[in-house]
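Taking it in order: structure first as structure tokens, then the write-up.
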Amino acid sequence: MTTIKTIFLSLSLMFCAFFAQAQQGQQTGTWGAYTWGMGDTLGGLSPEGYQPVYVLQVSRDMSDVSLLEPAGTILRSLSGQPLSKRGRQLRKAVEQIIRKKALHRSLNVYQAQLQETLGVRFQETYAAMLNGASVRLHTASAADGGMAARAFQAGLAKKEVPAQPIAEPWQAPLTSEEEQLLSFSPDSWYDGRQWAQAFFTGPVDGKESFSLMRQVARLHVLLQVVGEGSRLESFIGGNELRAVFDQEDERLWTLAGQSPDSYGFPLESASQTLDNLLNHGMEAMRQGAKADVYFTSLESLHRLISIVGFNNLSDEHVNRLSDFLPLGANLRIIFYAKGKQVMAKLMMNERDKRQFGLPNEMPPYEQWNRVLAYLKKRQTRFGMQRALRGLGDGRVFEPNPMVVWTPRRHAGTLQGVQAAHPTEDGGDYGSFTLMPLLDTLVLDRQEWGLKLGPEVRHPDYYSASLPDEQARLSLTGMSHTGFIRLERQEAGRTYLALAPDATGATMKVDTAKQMVYGKLPVPRPQYGDTIQSYIVLVPNRPMDAFGVQDGVAWAAFDMTDNDELMVKLAGSFVSLAGALNNIEQEIPHWEFYDTRMRNVTAWERRLKSIPDTTLFARYYDAAILPRAVTDRDGRYPMFGKTGQVAQKSLGNLGGKPLTERVYADIPLHRRADIMELYEQANVPLTPFLKSILYAWQESGRMDEATVQYLKKVLREDMPNINFEQFQKAIQQREKRR
């Protein structure tokens, strides 16, 4: 993970943040402090000529924050097994915590004081707009309102603002799929067995050990809220805390449908809840209401924040969940009016926020119609991401790329990431393999292998934990450039070894440009020539050591605890400069998730033309086979003319010789042939028919499974078509080819 300036701790059903006591109207803390924002607090600023007319806020209800649940779970984990001296000490410390009821009261008082202060600040910020008007407080359950709503109400009452909690079903119910995933717990790439072993005299199960570590971490953080953190500080360290926080981030991202490792589940409930809130807000403004404050659980609030679009997989340095989910977390929309013109400002935790994808001509204010259109767009996009879920076998690429980025796996081990250019006959044009090696440099490829933990395989993203090394590898990429990230839990030296997958290569390290590269000759007897396959590796930090030995180029990097190393790997069949230009054109930055989402968008565009999900896997198989051998600037090696490079205008092949046109961009050529066959067979070119055959158009082949499926579909929808005649025409054309 990217180094975090401040470690923020989030609370899910089993988590919360640490706060220090309020000091002169401000709150600060070592971890996860809720710091008051600076947005509307500066005199209630408004866009020039506009006046604030309405505030809609969704706040976190903290009723589920308790010391008893994690403490009880820890004791159950420690029962029934022989404990070491350290285990008995932990059990005794937890038992003392349970007996000290003052700690539980202090936690409840602190939470109430926090929400009461939020209520006071709310009135102070919008005093001119409220001007004696009441604030409506909404809870999704409990007839008398949640603890947070009652405390917020007390804060308003201090400023003589009337308010009354109202229980009403404003939240959309969870779908059955959402309910199943509420208990979701991602696999941790730090299993915690070494940590947990100190508490027991016998062997420890990995999953149970991490569960125990999570509960100790949770209780440790809760105790810090009431100034008792020292009670468990000797039982848990920085690495253990970080592992728990990362897993909680992963869990909440998944529940919100925005996980880096998973597309999550359909956000029907979050989308419907957002619609309910906005419709309620519009109606409230028409009726002259000034403010509505809704209280909900952490997970519901996060699903709303996710669908609104703050920091979602957009910027590597700000997409941490814990940055915006402290105890007093809230989402706020302020509406401003000038006649019939309406502007809005979105805030999170009392801080102005912007939405990615909006022009922000008057930041932090935006025209409300633009905000609403953007929200609707985000609500509809999740459906296509569902289509990508589960599609893929580990290979990462844009549809029909030049290079396919493939994790090489064998017998439960990772043997590197291959930059491959597969051919239609099963061969490969000049592939290379990048192997991460932790702590020890191994040059013999026969000995390459790191034990694999849980994997995530999508066409736009691959990740795998490396449990023995307490590390995780993630991979995304574009057509010519792969983006690889290696995270390490503990400090050590990391080596990157780059090797060709065939003989005759030249491997080098350029210390001035801080890059590793190679060149491999690729004979093409069918064309009577030889081309060169180039590869270049560019890291995001200087190399601490490097070398070339036994045909393998390597670079070393010293990593600290909780550190990450990112590299870009690009190929070209034209030149080394072409490979570097491919990086510059495709991935000019170091934002991993932003790159992934661009790849997701590319897949979405293709899958939109395939209405039947049974063909998605068929299309994935077809799209693996690269066609173009061009660089991003349109250059490619001419066929049958060794050393000569041609330039084509991307998307325009007119005027080129037939051989150049076929081999420079075969998909377009195939597509034109198929359309001609449709016309010859008098087959109506309906959008549905074109989408059904789309995968075959890309692959140039029609296997028997696809043939049988097409027969079924075509006969049901077009009973008069002579499918056998159509198939025969295709086969005859293939023979002539």
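Along the sequence shown, the residues carry numbers beginning at 1.
- There is a side-chain donor-acceptor pair under 3.5 Å between Y593 and R485.
- The main-chain N or O of Y495 is never found under 3.5 Å from a side-chain atom of W554 such that the two would form a donor-acceptor pair.
- Between L576 and I535 the shortest side-chain heavy-atom distance does not fall below 4.5 Å.
- Salt bridge annotation for D393-R409: absent, with no cationic side-chain nitrogen under 4.0 angstrom from a carboxylate oxygen.
- With N582 contributing its side chain and R632 its backbone, the two residues share a donor-acceptor pair below 3.5 Å.
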Chi angles and distances behind the ring pair (Phe, Tyr, Trp, His ring centres under 6.0 Å) call for Y461, W603 | CA-CA 12 Å; Y461 176 78; W603 278 98; over 10 Å; no
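- No donor-acceptor pair under 3.5 Å is formed between the side chain of D631 and the backbone N or O of D633.
- A side chain to side chain contact (heavy atoms under 4.5 Å, CB included) with R541 is found for exactly one of M566, M559, Q514, namely M559.
- Residue H410 places its NE2 atom among 12 or fewer non-hydrogen atoms of other residues, nucleotides or ligands, all under 6.0 Å distant.
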Yes or no on ring pair (Phe, Tyr, Trp, His ring centres under 6.0 Å) for F592 and F483, after CA distance, side-chain angles and deciding distance?
-> CA-CA 7 Å; F592 186 88; F483 202 161; 5.3 Å; yes
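- A 4.5 Å side-chain heavy-atom check between R408 and T433 finds at least one atom pair inside the cut-off.
- Counting all heavy atoms, side chain and backbone alike, Q418 lies closest to S431 at NE2-OG, 3.4 Å.
- The shortest distance between side-chain heavy atoms of Y462 and E455 falls below 4.5 Å.
- Between the side chain of W405 and the main chain of M478, a donor-acceptor pair closer than 3.5 Å is present.
- Considering only heavy atoms from C-beta on, N599 stays 4.5 Å or farther from R596 through its side chain.
- Under the 30°/60° scheme for interplanar angles, the aromatic rings of Y620 and F397 are found to be tilted.
- A donor atom on one side chain and an acceptor atom on the other are found under 3.5 Å apart for E586 and H480.
- A side-chain N or O of R488 and one of T494 form a donor-acceptor pair less than 3.5 Å apart.
- Contact check on R493 versus D558 returns a salt bridge, with a Lys/Arg side-chain nitrogen under 4.0 Å from an Asp/Glu carboxylate oxygen.
- Using modelled atom types, no side-chain atom of S465 and backbone atom of P467 make a donor-acceptor pair closer than 3.5 Å.
- In this structure, the side chains of Q194 and E240 stay at 4.5 Å or more apart for every pair of heavy atoms.
- Between the side chain of K568 and the backbone N or O of H589, at least one donor-acceptor pair lies under 3.5 Å.
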